[in-house]
Amino acid sequence: MATMEKNIIPVREGDFNLADYEKTAKDFKWEDAEREFDWYTTGKVNIAHEAVDRHADSYRKNKVALYYRDANRSEAYTYDQMKRMTNKAANVLKANSTLEKGDRLFIFMPRSPELYFALLGGLKLGTIVGPLFEAFMEGAVYDRLDDSEAKAIITTPELLDRVPADRLPKLEKIFVVGENVEETDKIVDFNKRMKEASHHFETVWLDKEDGSVLHYTSGSTGRPKGVMHVQYAMVQQLQTARWVLDLKEEDIYWCTADPGWVTGTAYGIFGPMLNGATSLILGGRFRTEDWYQAIEDYGVTVWYSAPTAFRMLMGAGNALINEYDLSTLRHVLSVGEPLNPEVVKWGLEVFDRRIHDTWWMTETGGHMICNYGSMPIKPGSMGKAVPGIEAAIVDDRGNVLPPNSMGNLALRKGWPAMMRKIWNNLEKYDSYFIGDWYVSGDSAYMDEDGYFWFQGRVDDVIMTSGERVGPFEVESKLLEHPAIVEAGVIGKPDPVRGEIIKAFVALHEGYEPTDELKEDIRQFVKKGLAAHAAPREIEFKDKLPKTRSGKIMRRVLKAWELDLPTGDLSTMED
Ligand code: 6R9
């Protein structure tokens, strides 16, 4: 397989405090990160206490924890105010239901300050919170609440119709965040009760291994699975937010992810708040102008987003960027899908910043393989295992493979943020492990410097005429073609070659979907990557199927191609 461009982008002076990093990372053990938490001395565990109250009761009392902005609202909450609002939310939940420690509480609403009060309030009450994307339709909501036997849900009047309460006998209460909500046996007016509630609350103390967040995620087959995280994940979230996000006291941090996705909780809430940082939350839909304006208005310094978003910004053109002052940006990161070298190049050009790729999964609960400020970046590589994490490429029997061999990306089990169970599905949980290795389902290789190179989901890897081709490398090359804005590549069964490579591409405005263009694209990949990696078939599409977190859904492309059922589409964007 042809290799990626390996133009190394060196560490930039001022990007990162290398000395600090090396001091803490040397001989690092996760237990070292425990000392900062109150529970280290009190023995009383609750992640929401550590994220909010610990700072509210310190010199950070009047520091802004959260800026919130959407088309109608623009607000700021200090750590002290967050403490009061989350206490009120915990009181509202407690007074109006039988919710208690370990019960499942779902949160199904667009981003707003209330979402964050409710989520953290639910944690203070000891419940396990399950955040859901607002885009979910009734079937997707039903599956998740039914599987986890949820006792309560928090939603908005607009989404209420999608909560099939009559089919969910365990669902006791629906808290509705709106104006003048009509209350019934089941329905509680959240805002009204918030106004009346006391801002004092006795936090429910838990065990380190008690549940915190339940994220449902879709596999390639079957129903969505409930990945359960525990309180102890905070140890990794605190430490990686410091190393990887490079958070410092004076930073303004913006994570663009919705809490319905693990990035939106682990690094949209916990990572920054456990560090007492200031976060920006932008509600509403993506608009290029709004995003750049937010960076300028709030002086964002650390920005965590995803390749799809970066590509959308790229697509909007560079001229626009000159209209905004983005000079505060200091550290930029990406997660969720392969970060194409093309995007890294763009970041250097337009922001004069390196974009740091990070690899992890819902199941891992925290960063695993990353580029941090103190290391040279190889564009196209996800980076190296973070301190405290042992990553390797293993074969299907769990044998570690030498550098530059393609295989299963695996992690030695036992890191703090690792999922502790799949709800109701022990068998599924067990299937992730081969001996001591957690096997991710991604294929990759590691080079001689310890950098990991993503190749695809294991089931996406293409075998064509005996050559293994990672769809990501082909997609990356396709994206370098001036006509292409999005690309998805699959293996299509072929009697002669086993599989052939088929590419689905969306074009930039102004390009015509002609046969000449197809041939030009084919030649482009052939010359730029390898002859056997050039797609034999190319199909033009207006846009490609993607998840809400921006992943191209190759299995949907494949299902279309082969006329098969598409399976669970609940995580698909619009
Ligand atoms: C955090 C998150 C996990 C899957 C993972 C992989 C893909 C994530 C990536 C990446 C290439 C990266 N993925 N980060 N692929 N480069 N930097 O995304 O969790 O939604 O569970 O997805 O996403 O395939 O296995 P989740």
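Counting starts at 1 for both ligands and their atoms, following the listed order.
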For this session: Flag the pair E209 and R420 as a salt bridge only when some basic side-chain nitrogen lies within less than 4.0 angstrom of an acidic carboxylate oxygen.
Result: yes
Exercise. Nearest protein heavy-atom contact for atom 4 (C) of ligand 1: which residue, which atom, what distance?
Worked result: K551 CE, 4.0 Å
Exercise. Is it the side chain, the backbone, both or neither of M382 that has a heavy atom closer than 4.0 Å to ligand 1?
Worked result: side chain
For this session: Assert yes or no for the condition that the ring centre distance of Y267 to W360 is strictly below 6.0 Å.
Result: yes
Problem set entry | Charged N-O contact under 4.0 Å between K502 and E561 | yes
For this session: Measure the distance from atom 15 (N) of ligand 1 to every protein heavy atom, then report the residue, atom name and distance (to 0.1 Å) of the closest one.
Result: F454 CE1, 3.5 Å
Problem set entry | Donor + acceptor pair across side chains of Y253, N275 (<3.5 Å) | no
Exercise. Would you say the side-chain atoms of N408 and D396 include a donor-acceptor pair closer than 3.5 Å?
Worked result: yes
For this session: Among all protein heavy atoms, pick the one closest to atom 21 (O) of ligand 1 and tell me residue, atom and distance.
Result: T362 OG1, 2.5 Å
Exercise. Using heavy atoms and a threshold below 4.0 Å, how should the contact between W261 and ligand 1 be classified: side chain, backbone, both, or neither?
Worked result: side chain
Exercise. So does D246 pair up with K248, basic N to acidic O under 4.0 Å?
Worked result: yes
Problem set entry | Short N or O distance, T217 and ligand 1, threshold 3.5 Å exclusive | no
Exercise. So which heavy atom in the protein is nearest atom 24 (O) of ligand 1, and how far is it from that ligand atom?
Worked result: D442 OD1, 2.9 Å
Exercise. What part of L339, side chain, backbone, both or neither, has a heavy atom within less than 4.0 angstrom of ligand 1?
Worked result: neither
For this session: List every atom of ligand 1 that sits less than 4.0 Å from any heavy atom of P338, numbering the atoms from 1 in the order shown and giving each element.
Result: 11 (C), 15 (N), 16 (N)
Exercise. Can you list the atoms of ligand 1 that are under 4.0 Å from a heavy atom of V335?
Worked result: 1 (C)
For this session: Please work out whether the ring planes of Y432 and Y438 are parallel, tilted or perpendicular, with thresholds of 30° and 60°.
Result: parallel
Exercise. Is the shortest side-chain N to carboxylate O distance from K378 to D447 below 4.0 Å?
Worked result: yes
For this session: List every atom of ligand 1 that sits less than 4.0 Å from any heavy atom of T358, numbering the atoms from 1 in the order shown and giving each element.
Result: 12 (C), 14 (N), 17 (N)
For this session: May I ask you to identify, for E337, whether its side chain, its backbone, both or neither come under 4.0 Å of ligand 1 on a heavy-atom basis?
Result: backbone
For this session: Using a strict cut-off of 4.0 Å, indicate which atoms of ligand 1 neighbour a heavy atom of M361.
Result: 3 (C), 5 (C), 19 (O), 21 (O), 25 (O)
Problem set entry | Per atom 7 (C) of ligand 1, closest listed option by heavy atom (G380, C370, G336) | G336
Problem set entry | Plane angle bin for Y429 and F433 - parallel if under 30°, tilted between 30 and 60°, otherwise perpendicular | tilted
